[in-house]
Asks: 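Have a look at the structure that comes next, please.
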Amino acid sequence: MDSLHVTFADGRAVDVRPGIRVVELAASAGAKNLVAAKIDGQLVDLNRVLDKDCTVEWVAPESKDGLEVLRHSTAHLMAQAVQSLFPGTQVTIGPTIDDGFYYDFKSDHVFTPEDLESIEKRMQELAKANLKVTREELPRAEAIELFGKMGEAYKVEIIEGIAADTVSLYRQGDWVDLCRGPHVPSTSAIKAFKLTSIAGAYWRGDSRNPQLQRIYGTGWANKKDLEDYLKRIEEAKLRDHRRLGPALDLFSLHPIAPGSPFFHPKGTIIYNILIQYMRDLYQRYGYSEVVTPLIYKTDLWKTSGHYEAFHDDMFLMNVHDGEYGVKPMNCPGHCYLFGSRKYSYRDLPIRFADFSRLHRFEPSGVLSGLTRVRSFAQDDAHIYCTPEQLDGELEQFVAMTKEVYKVFGFDRIEVTLQTRPEKFLGRIEFWDAAEAGLRRCLERSGFTVEVLPGEGAFYGPKIGFDFRDVLERSWTLATVQIDCAMPERFGLKYVTSDGSEAVPMMLHRAVLGSIERFIAILLEHCAGAFPLWLAPVQLRVLTVTDDHKEYAGKVVEQLKADGWRVEFDGRNEKLGFKIREAQLAKVPYAVVIGEKEVAAATVAPRRRGGENVAPLPVLEFANNLRAEVAQEMGQA
RNA sequence: GCUGGCGUAGCUCAACGGUAGAGCAGCUGAUUUGUAAUCAGCAGGUUGUAGGUUCAAGUCCUAUCGCCAGCUCCA
């Protein structure tokens, strides 16, 4: 065979000599500005040699694959820079992540923010030096010897874990790293990057292992994309609930109670509306709300299994006659409630809803605004049902979740199925049945699902509905979990149709998740501009001059009597100033009252954002508001 | 909890080891104003806290609390 048949992505085909390198093929095909190629669907270096008929697809730096390659190569460039500046530093792993990359190092030197600047500078020099990036393959044993000689203990450990006979190395200049690749053909292809932060990270992600130093960076195809990204991050910070919440006077945090938010009057309005919204849904979905104790003797959690698994995360206290604990979750209490009387299969399902405040002693390092707190409430409920009712209950939960998220406009949901962890309670056959039930439910739900093996709770598998905050961090809001342990541990029974006793199925579920976390995500989702039905202040009545205060006062009373949350701004200020303040406070409507409105007995509403509504009588305005709320809540 | 960074007025930020300052917010007064900032004046601080070094500490050191980024964990 003296020629190879190459087919391009656009359908064109050429015959080329065997042994041609991809980069030469690109040149002859007129393809420019490439970082890699896909041969038969597999991402490869441009220096790869062609030895058989194949299809070829070019990978531009801006493409998803291109950025992946580029960022990976940038991570290598960073590692090279770090090792040249700080001899003795060992490299470990350096993968790409969303928008960038990181590399974990073991070094006696402690990296500082100033170091990032010098590392960046060295990276730029190395990029400019246009070092050829070359791939070579080495037998496993030789690679182990090579990295062993270099003092790269972590790399040796990685290679020892690789099953293949040969491993691939990448060289650029005098620097070499173990890597699967592919990489850019030369360091000069790396044009736009920035090192962003330093953090600690455990080797292989295990806190029992040595802690490494991780340097994060972001990398892009060109300077403009980099600038755009940095700008996007800056803008996202403006939507951060930790900034917006206090600025809008919704909540605050004080060192006197770390991780335990104070909700101000305006934040409390939102808090209570969310709970009321769930209560209304509960009415429709057949839940029964209960109120249960906050503090229990620790025997409760010894029975449930939480004491052993959760001990360090609980607020415990010794009081007079023994050890008590503040509840970190509602389930054990609900089990007592369920067990306190005899239920028949005819009573099931029983759905106990509970908005109790929960306390968990989270490690100080994980506390963050409202997303990770030590004191919170959930729209929590536990469902006790027969095995036959399981699928129906799961289906109902998914329907409820979909209904809720539609109202809030949450569409970027990531659904995960989290299965049995290494440490678990209960019988394996329960777990298998439970996981099968969750899988059936998800298959019918239409969601794209990611399975996270071993990530389930210690008492059962779960489905998580995750959302991202403005900084792209993922948080679980809704969750449904099947309990494979607690009903049995608490000796729960119900009477079946044949008069015998059986252990009920138990589900844990929340739609909003923690109210605190939900408010955080909601706040960032709408950038503080809450929809009318949720806005803590829905209307602000503004006077043009003092002459209009009397009529405006009557309008305020009328609107309040009609159930609206109204503020009155009758200050001696210019209208423009008051409008500006209402706008900055993100009040949905500024209701302007001047001479014309007094004369015509109307109001002149201005929507948040600037749109003016034609003046109309107060009651008519209120009717329009009612219609707007109904539409927001999907009841129109 | 671990690693690193940061704590100055209500907020955003200044201040070489040498008298803690500005803008906004607040208060007082003037101005009576039509859809995103009227003007003037006043007040505001044990520089997170506790030690230490120094003639002198917001600045240097130690401890501690909190916050931020990430890791481990998690609604």
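Numbers restart at 1 for each chain; the letters A, B, ... are given by sequence-line order, proteins then strands. Only heavy atoms go into these numbers, but all of them, side chains included; no hydrogens, no water, no symmetry mates.
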Asks: Please compare A/Phe361 and A/Ile593 by the position of their nearest nucleotide in RNA chain B and report the one closer to 5'.
Replies: A/Phe361
Asks: When you measure from the side chain of A/Lys574, which nucleotide among B/U38, B/U35, B/G4 comes out closest?
Replies: B/U38
Asks: For the pair made of CZ in A/Arg571 and C1' in B/G34, what is the distance, rounded to whole Å?
Replies: 16 Å
Asks: Would you please classify the geometry between the A/Phe410 ring and the A/Phe518 ring as parallel, tilted or perpendicular, with 30° and 60° separating the classes?
Replies: tilted
Asks: Show which side-chain atoms of residues 599-611 of chain A pair as donor or acceptor with protein atoms under 3.5 Å away, not counting sequence neighbours.
Replies:
unit_1   : atom_1 : unit_2   : atom_2 : d
A/Arg606 : NH1    : A/Gln583 : OE1    : 3.0
A/Arg607 : NE     : A/Tyr589 : OH     : 2.9
A/Arg607 : NH1    : A/Glu611 : OE1    : 3.1
A/Arg607 : NH1    : A/Glu611 : OE2    : 3.0
A/Arg607 : NH2    : A/Tyr589 : OH     : 3.3
A/Arg608 : NH1    : A/Phe530 : O      : 3.1
A/Arg608 : NH1    : A/Lys586 : O      : 2.7
A/Arg608 : NH2    : A/Phe530 : O      : 2.8

Asks: Which of the following nucleotides, B/U38, B/U32, B/G34, is nearest to the side chain of A/Phe577?
Replies: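 For the A/Phe577 side chain, the nearest candidate turns out to be B/U38.
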Asks: For B/C11, give its Watson-Crick or G-U wobble partner with both distances under 3.5 Å, or none.
Replies: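 Paired with B/G23.
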Asks: Pick the C1' atom in B/G29 and in B/C65, then give their distance to the nearest Å.
Replies: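 The same atom, C1', in both gives a distance of 43 Å.
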Asks: B/C16 pairs with which nucleotide, Watson-Crick or G-U wobble, both distances below 3.5 Å?
Replies: none
Asks: What string of B, S and - do you get for nucleotides 68-75 of chain B, 5' to 3', when a contact is any protein heavy atom under 4.0 Å?
Replies: SSBBBBBB
Asks: Could you list the residues that satisfy side-chain hydrogen bond (donor to acceptor under 3.5 Å, both in side chains) with A/Arg243, not counting sequence neighbours?
Replies: none
Asks: On RNA chain B, compare the nucleotides closest to A/Asp546 and A/Phe111; which residue's is nearer the 5' end?
Replies: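 That would be A/Phe111.
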